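Structure first, commentary second.
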Amino acid sequence: MSKKLSKAYEPQNFEPTVYQLWEQGKVFATPKSFSTNKVSAETPEGAKEEQKLSDRQRLSNFQNDHHFSILMPPLNANGNMHIGHSLAVSLQDILCRWKRSNGVPTSYIPGLDHAGLETWVVFERKLNEQGKSRFDYDRDTLYKMTWDFVEEHKSNIELQMRASGIGADWDSQFYTLDANIRDQVYETFHKMWQDGLIYRGERIVNYSTKYQTGYADIEVDYKEEKGFLWDVAYDIKGTDQKIVVSTTRPETILGDTAVAVSPEDSRYRDLIGASAIVPLVGREIPIIADEYADPTYGTGAVKITPAHDPNDFEVGNRHDLPRITVIGYDGLMTPEAGQDFAGLTVEKARQKILKDLENEGRIVEKRKIVHTVGYDYKSGLPIQPLLKEQWFINMRPLAKRAIEVIKSGRIKFYPESKATVLCNYLENLRDWNLSRQIPWGIPIPAYRSEEGEWIFNANTDQAQIEQGGIVYYRDEDVFDTWFSSGQLPICVMPDGYTPISVMETGGDILFPWVSRMIMLSLYMTDEVPFDEVYLHGMVLDEKGQKMSKSKGNVVNPMETVAKYGSDALRMGLVASRSAGQSQAFGTDKVVAGRNLCNKLWNMSRLTINLVGENYIRYDGFATDKERGSGKVALNEPIEHWIVAKCLMTKINIDKLLDEYRFAEAAEVLYGLIWGDVADWFLESEKMYENNDLLAWVLEYVLKLAHPFIPFATEAIWQVLPWTDGILASEKWNEKDFIIARASVAEISTIGFERLQDFIIETRRILNDLPKGKYKLLYGQDELLKTNEKLIQKLSHVHEISFTDAILEGRRKEILPIVVEGREAWLEVPANVKEDYLSGVRTRLSILEQEIAGLERRLINPNYVDKAPKELVKETEKTLSEKKSMAEKLCSYLGEG
RNA sequence: GGGUCGCUAGCUCAGUUGGCUAGAGCAUCUCGUUUACACCGAGAGGGUCGGGGGUUCGAGUCCCUCGCGACCCACCA
């Protein structure tokens, strides 16, 4: 080997330069013009060739799509890639590279997320570490500081994306705070405002006292917990009667403004309209009748705290009850809670009130219960339901339309079941709180006058504006990030690339993101945002457990890339994974991926070695007349076979990827590379040295493998002396395909498979024999005769020769190789023959059972009548083959 | 309470509309250094497809039922 290629593939030595090559070559740029390069039957030459093909051979694998587009779920501009991101972008990139290679105009749009609260939390922590707080600055200053902070870190994630081999259109990269996105968000907000879908109102919102902001429903983590249900006795005014209510949150008693009972509940009928006295506080509150009170739960009487419970809030609205806020936004009790309680934490207040109630003898019962408690998804602290005036979207009309579209099947889901899941979710969707009380995000374009009148205005860089002589003040809040990211499909895709072909993302953001994209897109454009949705599951650790920092089982993808290579990580992630399913991930799979890269590398070294440094590349595929004219020509059975394998594998992979069966596609590819090309074809070509075919097969395999193993295949492509250009921008040429296919002689491919069977059996026998040099003899067998040398090479027999003697296994030192249709023997020492024959006996008895089974099936008239004719024929054929095989075995045993 | 998914070889998983002997990778065992690769080659062992019932000529696949596991949703105070 003249060129010094290392024995092992070393990804670190190639990945950065390969990526540079791609980027400089602009191979991932979104094509502007839409001339599909379909050759197919439209060219006269192609048509002629195509006509020769049977239906089975016809190429159906070239995509007819007008375009292919993917929107990358934006990555946190301030964060690091985690293993889930790696999986996502791997799948996306496989699809894009594959489509691109099939000549489909492809647009893969990458993006970065300002990541609202996520980033704000990080920034605020940094601020606090410097001894500052958010209250030291005005909102615009905080926004600018956070912006600069993110800018400093952006390049980090951008490098990680490139290290992952993502072939995205970097020139079209977006950032979720870009002006066009903001404009879109404002337009949508304005339209909703005008359509009456947006309203501002005081509602109970899920409030994070840790981060001082309201949340959407979806940001609350509910956990089932053991807790207590206290029964507390309230006095009834003017009597010595008491009414006993049940509560899990006694501290909210301080904010009670009513006690509700069911109108159906005979126990309390007489008390309706009476007044109860709030314990410790002494406030007089009405006893009201409301359906909300469940007579079967607790005591059947429930305290109503409209300011701290969404249900109570509703009850309060129905009965016009006052709202008394006793827990503040800081998570501490308010002055309204009374002097004894003001300033206490919720937990302390609860302890105190329980003690006080106990002292007064008001706690009638304390029961252990299991109930669900809402937690802040970010801080892990309890969420407080608090009264707050916020912007809400009335989701019902939006959800209704989305449900219709999903049920119509217009958007296809992988896995299919997620469509049902999504519809269930949408059917129960409640109004969406858009306001976040943090400085980092897209400001809400609403201004308020002193009188409390709200107007829309998109110039949110002004803290206050004047209109008609009235001064309006900007809402200090920003949008929920899902509101803006839900609109990405309608504002970041290049012209001609919508709807997005497939939305590939994690199953965990089906509700927060996918559902919103559908709803908002339908609302704004009357069109679906994407044709298909592919949801991947979670990447679990080796033991199948969720990865988490606290468990310490988190895999850092960049470390894996550094150690095993980017391709190895990609193959490892894709292997054994199906849509929607969470899957364990471990080093084993990555190692397998790395080994495949290495295999490919060495296959290439061998090929270069065989064809020579100065090989001049073949000029297309030879038709029958063109043999020997610098074109690829097929001579040996294995050469026909390998070409057929290559062609079939591509068709197969196309089909699998079309259905998003990534793991199966990878497996099929693995089988072709390792099993067919390396183990059989290359071994054989050491003898035949059909250089043009060697080069053709290697290039073919590289092209086919490229979406899965982009770096290694490109690195090899660049190393090959006879190729030029960039593999990532190579396209399959349909015309060549047709000619290649026409050149394959079916007889030869079948012939090779027979040969394979024989070689495998010979190897098996040799493996069982004691070490030694064995001689293979064959009789009147054309296949063996014409492939004598190949058999010797591949089966590792020491000698091979024809014999016209009638052997039939009579002699003790002759051992028959029992393969259907073959006449061959091994010369062996007499003592080993007996061992082999006992194995033959076992095989015979298995064979006899199989024959009996097949015969039974064929005797059954139901089977013969009802099963498809082809299948019956097949069964008959199998039976006769097995019978003749059994006869042969019998004869050997009889004679031996 | 409602919903979704899963249970196939020691492990991780394939198995499309029911149809030849249920597959792959890893792991295990045996043999091997044949001029690309030990990140290798040749071979072997290993499964009553979670249990039970049903439909069918035929079930891992369809239906019913039970069991186990994972996850999601929901305002039982």
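Reminder, nothing fancy here: chain letters follow the sequence lines and each chain counts from 1. This structure is a prediction, so every number in the text was calculated from the model and none was measured.
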Looking only at atom P, what distance separates B:C73 and B:C20, rounded to whole Å? 41 Å
So, A:K793 versus A:S684: side-chain donor-acceptor pair below 3.5 Å or not? no
In whole angstroms, how far is the P atom of B:A36 from the CG atom of A:L720? 17 Å
Taking B:C11 as the reference, what is the distance to B:U55 when you measure between their P atoms (whole Å, please)? 34 Å
More than 12 heavy atoms of other residues, nucleotides or ligands under 6.0 Å from NZ of A:K686: is that the case? yes
The side chain of A:R661 is closest to which nucleotide in this list: B:U12, B:U16, B:C26? B:U16
Whole-Å C1' distance, B:C63 and B:U56: 12 Å
How is A:P385 classified with respect to the nucleic acid when contacts are heavy atoms under 4.0 Å: base, sugar-phosphate, or nothing? nothing
What heavy-atom pair brings A:C423 and A:K407 nearest, and what distance separates the two atoms? SG-CG, 3.9 Å
Closest nucleotide of RNA chain B for A:A867 versus for A:S417: which of these residues is on the 5' side? A:S417
Shorter than 3.5 Å, N or O on both sides, protein versus nucleotides 75-77 of chain B: list them out with atom names.
| from | atom 1 | to | atom 2 | distance (Å) |
| --- | --- | --- | --- | --- |
| B:C75 | OP1 | A:R430 | NH2 | 3.3 |
| B:C75 | O2' | A:N311 | ND2 | 2.7 |
| B:C75 | N1 | A:N311 | OD1 | 3.3 |
| B:C75 | O2 | A:N311 | OD1 | 2.4 |
| B:C75 | O2 | A:N311 | ND2 | 3.0 |
| B:A77 | OP2 | A:Y297 | OH | 3.1 |
| B:A77 | N6 | A:D294 | O | 3.0 |
| B:A77 | N6 | A:Y297 | O | 2.6 |
| B:A77 | N1 | A:D294 | N | 3.0 |

Distance-only polar pair, side chains of A:S578 and A:Y660, donor-acceptor under 3.5 Å: no
Cut-off 3.5 Å, side chains only: do A:E659 and A:Y534 have a donor facing an acceptor? no
In whole angstrom, give me the gap between the P atoms of B:C13 and B:G1. 30 Å
Whether the side chain of A:E799 engages the backbone of A:L776 through a donor-acceptor N/O pair (distance < 3.5 Å, no angle test) should be reported. no
Would you mind reading off the distance between A:E881 atom CD and B:U21 atom C1', rounded to a whole angstrom? 13 Å
Pairing string, 5' to 3', for RNA chain B - Watson-Crick or wobble contacts under 3.5 Å, brackets [ ] where pairs cross, | to another strand: (((((((..((((.....[...)))).(((((.......))))).....(((((..]....))))))))))))....
Can you find a side-chain donor-acceptor pair between A:Y234 and A:D256 that sits under 3.5 Å? yes
Looking across every strand, which nucleic acid part, if any, lies under 4.0 Å from A:K873 by heavy atom: base, sugar-phosphate, or nothing? nothing
Do any side-chain nitrogens or oxygens of A:K686 fall under 4.0 Å of OP1 or OP2 in B:A36? yes
salt_bridge(A:D312, A:K303) N-O dist < 4.0 Å: no
Rounded P spacing from B:C75 to B:U65 in Å: 29 Å
Decide whether A:N767 and A:R764 meet the rule of one side-chain donor and one side-chain acceptor closer than 3.5 Å. no
Residue among A:D541, A:L540, A:V539 satisfying side chain to side chain contact (heavy atoms under 4.5 Å, CB included) with A:F585: A:V539
Using atom C1' of each nucleotide, how far apart are B:G47 and B:A9 to the nearest Å? 5 Å
Check this one for me: any side-chain N or O of A:R857 less than 4.0 Å away from OP1 or OP2 of B:U21? yes
Nearest to side-chain heavy atoms of A:P868, which nucleotide of B:C13, B:G19, B:C26: B:G19
Would you please confirm or rule out a distance under 4.0 Å between OP1 or OP2 of B:A14 and any side-chain N or O of A:S578? yes
Consider only side-chain N and O atoms of A:K418 and A:T420, and report whether a donor and an acceptor are under 3.5 Å apart. no
To the nearest angstrom, the CE-P distance between A:M885 and B:U21 comes to 16 Å
Spacing of A:E874 atom CD relative to B:U21 atom P, expressed in whole Å: 11 Å
Taking only the P atom of each, what is the distance from B:U61 to B:U16 in whole angstrom? 11 Å
In whole angstroms, how far is the C1' atom of B:A24 from the CD atom of A:Q583? 14 Å
Could you tell me the separation between the CG atom of A:D588 and the P atom of B:U28, rounded to a whole number of Å? 10 Å
Atom pair distance, as rounded to whole Å: CG in A:N206 and C1' in B:A74: 13 Å
Spacing of A:E314 atom CD relative to B:A74 atom P, expressed in whole Å: 16 Å
Please enumerate all protein N or O atoms sitting under 3.5 Å from an N or O of nucleotides 38-46 of chain B, with distances to 0.1 Å.
| from | atom 1 | to | atom 2 | distance (Å) |
| --- | --- | --- | --- | --- |
| B:C39 | O4' | A:R594 | NH2 | 3.3 |
| B:C39 | O4' | A:N595 | OD1 | 3.1 |
| B:C39 | O2' | A:N598 | ND2 | 2.7 |
| B:C39 | O2 | A:R594 | NE | 3.3 |
| B:C40 | OP1 | A:N595 | ND2 | 3.4 |
| B:C40 | O3' | A:K599 | NZ | 3.2 |
| B:G41 | OP1 | A:K599 | NZ | 3.0 |
| B:G41 | OP1 | A:W674 | NE1 | 2.3 |
| B:A42 | O3' | A:R763 | NH1 | 3.3 |
| B:A42 | O2' | A:N767 | ND2 | 3.0 |
| B:G43 | OP1 | A:R763 | NH1 | 3.4 |
| B:G43 | O4' | A:N767 | ND2 | 3.2 |

Can you tell me, in whole Å, how much space there is between the C1' of B:G2 and that of B:C49? 30 Å
Residues A:R577 and A:E664 bridged, charged N to O under 4.0 Å: no
Look at the side chain of A:R605 and the backbone N and O of A:W601, then say whether any donor-acceptor pair between them is shorter than 3.5 Å. no
Would you say the side-chain atoms of A:N602 pair up with the backbone N or O of A:K7, donor to acceptor, closer than 3.5 Å? yes
Below 4.0 Å: OP1/OP2 of B:C13 and any side-chain N or O of A:Q581: no
